[in-house]
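All remarks here apply to the structure that follows.
Just so we're on the same page: letters track the sequence lines, and every chain starts at 1.
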2 protein chains.
Amino acid sequence: MTRWLDDEEQQTWRAFLRAVAVVQSGLDAQLQAEAGMPHAYYELLVRLSEAPEGTLRMSALAGAVHSSRSRLSHAVGQLEQRGWVRRAPCPQDRRGQLAVLTAEGRRALQQAAPGHVEAVRRLLFDRLAPAQVRHLRGIAAAVAG
Amino acid sequence: MTRWLDDEEQQTWRAFLRAVAVVQSGLDAQLQAEAGMPHAYYELLVRLSEAPEGTLRMSALAGAVHSSRSRLSHAVGQLEQRGWVRRAPCPQDRRGQLAVLTAEGRRALQQAAPGHVEAVRRLLFDRLAPAQVRHLRGIAAAVAG
DNA sequence: CCAAGGTAGTTGAGCGCTGAACTATTCCGC
DNA sequence: GCGGAATAGTTCAGCGCTCAACTACCTTGG
């Protein structure tokens, strides 16, 4: 009944898990060491920095990083404590909150970015041939669904 | 100086992150819901089940799943509390500990496995063409390093 | 209008992980 | 052999996440 994995699939699966672990832990280690933030927080800063006025509704930000509302609320709380983000009431909807990137937050992001990009290259792109990078794009898109 | 990501790399990277998040959260959700354990614990049970006598030195088990000693110690503590693993002193090295899969642990693994494999297929393999699976293997191996 | 249900966001408890001490044992060079 | 370094494993504090309430506000049907 169960469609078990054959040997090749098993190997692919385990290599996949290992690769993901290597990339993620490497990424988190680099950001934590050099910028004092986990990767999830870095992504929040990136999304905010790309938004007009560095501002996004909480729910829009949650959607952008595919995070739960709860997680985002905790995370923004942390970012706020560090002075990288501030909350503001949403004019159109009094239930809503805006997350606003502060100047200090933008500075923190700019300082973190080069090391982060370097890590992304070192951990992922530099290890792949150009054809593999092309393939990865399609694979990732298909899996992301 | 910094080798920034071009548009295509950016898209690949974000798709990769998203794909990984989908697979991991889907996997964890399935195991948590149907077997009451996180994926990391499932992997420990798998590695133990593959070892002779269902037994491995703590450090060997840590190596097998690429886990820190600290993390493993906590995890085995949990598995022990659930009766799925027991600890035993290591005869050759009095510093050492053996993690031993119990009959109950093996049963828990057998019950969890079909649903887990189904999730792996649904989240990863079913979304990829055969050629993509072949490519993924090489990519994952290269990144796992 | 206004009550019922949906939506936005927060909060609190508990879990798993990390990194840094800490203990106990073994290994190694003199 | 013996004293110092390395190794095995545990423990603790703190962090980020999940899940389930909970509050506050908006929307919609009667």
Side-chain angles (χ1 to χ4, degrees), chain A residues 20-22 24-45 55-82 84-100, chain B residues 20-22 24-45 55-82 84-100:
Chain A
V20 165
V22 165
Q24 291 197 141
S25 68
L27 224 58
D28 255 334
Q30 183 276 327
L31 272 173
Q32 199 65 59
E34 295 180 23
M37 67 179 104
H39 184 228
Y41 291 7
Y42 179 87
E43 287 214 299
L44 293 179
L45 296 185
T55 297
L56 241 34
R57 278 284 292 267
M58 292 295 283
S59 53
L61 185 50
V65 300
H66 302 96
S67 165
S68 71
R69 291 185 173 101
S70 168
R71 175 179 168 185
L72 186 68
S73 196
H74 287 291
V76 168
Q78 275 301 312
L79 296 179
E80 205 172 13
Q81 281 203 355
R82 301 179 192 197
W84 293 342
V85 165
R86 64 182 176 80
R87 289 183 218 239
C90 176
Q92 286 79 35
D93 186 341
R94 288 197 308 179
R95 291 171 303 182
Q97 288 278 101
L98 299 177
V100 184
Chain B
V20 165
V22 166
Q24 289 197 141
S25 67
L27 224 60
D28 254 334
Q30 182 276 326
L31 272 173
Q32 200 64 60
E34 295 181 22
M37 66 178 105
H39 184 228
Y41 291 7
Y42 180 87
E43 286 214 299
L44 292 180
L45 296 185
T55 298
L56 240 34
R57 279 285 292 267
M58 292 296 281
S59 53
L61 185 50
V65 299
H66 302 96
S67 165
S68 71
R69 293 188 176 95
S70 167
R71 174 179 168 185
L72 187 68
S73 198
H74 287 291
V76 168
Q78 275 301 311
L79 296 179
E80 204 172 14
Q81 281 202 355
R82 302 179 192 197
W84 293 342
V85 165
R86 64 183 176 79
R87 288 183 217 242
C90 176
Q92 285 81 34
D93 185 341
R94 288 197 308 180
R95 291 170 303 183
Q97 288 277 100
L98 299 177
V100 184

Output one line per pair: protein atom, nucleotide atom from nucleotides 20-23 of chain C, and distance, for all N/O pairs under 3.5 Å.
none

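Interface residues of residues 61-69 of chain B facing DNA chain D, ordered by number: B/Arg69; criterion, heavy-atom separation under 4.0 Å. Listed by residue number, there are no residues of residues 26-36 of chain A with a heavy-atom contact under 4.0 Å to DNA chain D.
By the side chain to side chain contact (heavy atoms under 4.5 Å, CB included) test, A/Arg71 is found to be paired with A/Ala40, A/Ser67, A/Ser68, residues two or more places apart in sequence or in another chain being considered. Annotation: side chain to side chain donor-acceptor pair (under 3.5 Å) contacts of B/Asp28 (sequence neighbours excluded): none.
Residue B/Ser73 is in base contact, counting any heavy-atom pair closer than 4.0 Å across all strands shown.
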- Check the pair B/Arg57, B/Leu98 against side-chain contact (heavy atoms from CB on, under 4.5 Å), reporting the backbone distance first and the verdict last. CA-CA 4 Å; B/Arg57 279 285 292 267; B/Leu98 299 177; 3.7 Å; yes
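Looking at which nucleotide of DNA chain D each of A/Arg94 and A/Tyr41 is closest to, the 5′-most match is held by A/Tyr41. Between A/Ser25 and A/Leu98, it is A/Leu98 whose nearest contact on DNA chain C lies nearer the 5' terminus. If A/Leu72 and B/His74 are placed on DNA chain C by their nearest nucleotide, the residue sitting closer to the 5' end is A/Leu72. Across the interface with DNA chain D, nearest-nucleotide mapping of A/Asp93 and A/Arg82 shows A/Arg82 to be the residue nearer the 5′ end.
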- Message: Strictly under 4.0 angstrom, non-hydrogen atoms only: write out the protein contact profile of nucleotides 1-6 of chain D, one letter per nucleotide from the 5' end, B, S or -.
- Response: ------
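Residue A/Arg87 places at least one side-chain N or O closer than 4.0 Å to OP1 or OP2 of C/dT10. Between A/Arg57 and the phosphate of C/dG9, there is a side-chain N or O to OP1/OP2 separation shorter than 4.0 Å.
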